[in-house]
Enquirer: 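Handing you this structure, nothing more for now.
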Amino acid sequence: MTKTINEIQDEIINEFLELDDWMDKYQMLIDMGSEQPPLDEQYKTDSNLIEGCQSRVWLQADYDEETKTIHFTGDSDAVIVKGLVSLVIQVLSDHTPDEILA
């Protein structure tokens with residue numbers, strides 16, 4: 001059974017709450033980013049570039065007609081930001097547009 005967006009968020013929040021030291025939290029973000037597969041170069045386009053970020057951040061969304069879900073992939077040139085991108089992907093990927101909007 002697929003977890004809800006709220007269940008995934010709660011798990012991530014609890015993982016971070018277990019860490020007392022801010023440096024450990026940053027390291028966890030860096031580790032999450034490094035575990036994220038790199039975005040295929042074909043998707044590192046201006047249309048996938050998130051504007052307004054000091055770092056370069058790309059986010060690719062692909063709609064699956066069969067499951068009616070959106071699969072996200074992404075990347076960044078900054079290690080902590082790549083960890084944040086990884087969190088977004090982990091929480092929102094493979095859910096329906098209605099679930100994401102809710």
Side-chain angles (χ1 to χ4, degrees):
M1 182 174 163
T2 304
K3 294 179 184 176
T4 67
I5 289 173
N6 286 339
E7 289 170 335
I8 297 167
Q9 287 178 151
D10 288 345
E11 286 178 2
I12 292 169
I13 290 167
N14 287 331
E15 284 181 54
F16 276 93
L17 286 174
E18 290 176 10
L19 303 172
D20 294 326
D21 185 54
W22 277 101
M23 292 306 293
D24 291 338
K25 294 178 189 213
Y26 283 128
Q27 188 60 52
M28 186 171 163
L29 270 178
I30 291 168
D31 292 345
M32 293 173 113
S34 64
E35 292 169 4
Q36 184 72 29
L39 184 63
D40 192 308
E41 289 298 318
Q42 71 176 341
Y43 298 121
K44 289 186 177 179
T45 63
D46 287 343
S47 63
N48 286 341
L49 193 61
I50 305 298
E51 292 185 30
C53 293
Q54 289 184 336
S55 304
R56 294 178 56 85
V57 178
W58 298 270
L59 192 61
Q60 170 67 26
D62 295 298
Y63 185 71
D64 184 324
E65 283 289 339
E66 186 176 316
T67 62
K68 307 294 187 217
T69 59
I70 300 174
H71 181 75
F72 292 97
T73 52
D75 208 343
S76 176
D77 61 359
V79 292
I80 292 178
V81 175
K82 187 170 180 175
L84 295 171
V85 170
S86 174
L87 288 174
V88 170
I89 292 169
Q90 188 177 344
V91 172
L92 299 179
S93 199
D94 302 320
H95 289 279
T96 67
D98 286 342
E99 290 172 319
I100 294 168
L101 289 172

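Since we're looking at a predicted model, the values are computed, not measured. Counting begins at 1 with the first residue of the sequence.
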Enquirer: Ile5 versus Gln9: any side-chain heavy-atom pair under 4.5 Å?
Expert: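 When only atoms from C-beta onward are counted, Gln9 and Ile5 do touch, with a gap below 4.5 Å.
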Enquirer: Which atom pairs, donor and acceptor, lie under 3.5 Å between side-chain atoms of residues 90-102 and protein residues at least two apart or in another chain?
Expert:
unit_1, atom_1, unit_2, atom_2, d
Ser93, OG, His71, ND1, 3.2
Ser93, OG, Phe72, N, 2.9
Asp94, OD1, His71, ND1, 3.0
His95, ND1, Glu99, OE1, 3.3
Thr96, OG1, Glu99, N, 3.1
Thr96, OG1, Glu99, OE1, 3.3
Glu99, OE1, Thr96, N, 2.7

Enquirer: Tell me whether Asp64 contacts the main-chain N or O of Thr67 through its side chain, where contact means a donor paired with an acceptor under 3.5 Å.
Expert: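 A pair under 3.5 Å: yes.
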Enquirer: Evaluate the side-chain proximity of Val79 to Leu29: yes if any heavy-atom separation is below 4.5 Å, no if none is.
Expert: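 Leu29 vs Val79: side chains apart.
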Enquirer: Please list every donor-acceptor pair under 3.5 Å in which a side-chain atom of residues 11-19 meets a protein atom from a residue at least two apart or in another chain.
Expert:
unit_1, atom_1, unit_2, atom_2, d
Glu11, OE1, Lys3, NZ, 3.0
Glu11, OE2, Lys3, NZ, 2.7
Asn14, ND2, Asp10, O, 3.2

Enquirer: Please name all residues satisfying salt bridge (charged side-chain N to carboxylate O under 4.0 Å, His left out) with Glu65, sequence neighbours left out, ordered by chain then number.
Expert: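 So Glu65 forms a salt bridge (charged side-chain N to carboxylate O under 4.0 Å, His left out) with Lys68.
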Enquirer: Cut-off 3.5 Å, no hydrogens considered: what does the side-chain donor-acceptor table look like for residues 49-63, sequence neighbours left out?
Expert:
unit_1, atom_1, unit_2, atom_2, d
Gln60, OE1, Asn48, ND2, 2.6
Gln60, NE2, Asp62, OD1, 2.9

Enquirer: For a quick test of your reading: what N or O donor-acceptor pairs under 3.5 Å do the side chains of residues 32-39 make, sequence neighbours left out?
Expert:
unit_1, atom_1, unit_2, atom_2, d
Ser34, OG, Ile30, O, 3.4
Ser34, OG, Asp31, O, 2.9
Gln36, OE1, Ser86, OG, 3.4

Enquirer: With a 4.5 Å cut-off on side-chain heavy-atom distances among I, L, V, M, F, W and Y, is there a chain of contacts connecting Tyr43 to Ile70?
Expert: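 As far as the 4.5 Å side-chain criterion goes, Ile70 and Tyr43 are not connected within one cluster.
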Enquirer: Would you list the pairs meeting salt bridge (charged side-chain N to carboxylate O under 4.0 Å, His left out) in which at least one residue belongs to residues 76-90, sequence neighbours left out?
Expert: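 Checked against salt bridge (charged side-chain N to carboxylate O under 4.0 Å, His left out) - neighbours excluded - the pairs reaching residues 76-90 are Asp75-Lys82.
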Enquirer: Using side-chain contact (heavy atoms from CB on, under 4.5 Å) as the criterion, list what pairs up with Asp21, not counting sequence neighbours.
Expert: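 Expected list: Met23, Asp24.
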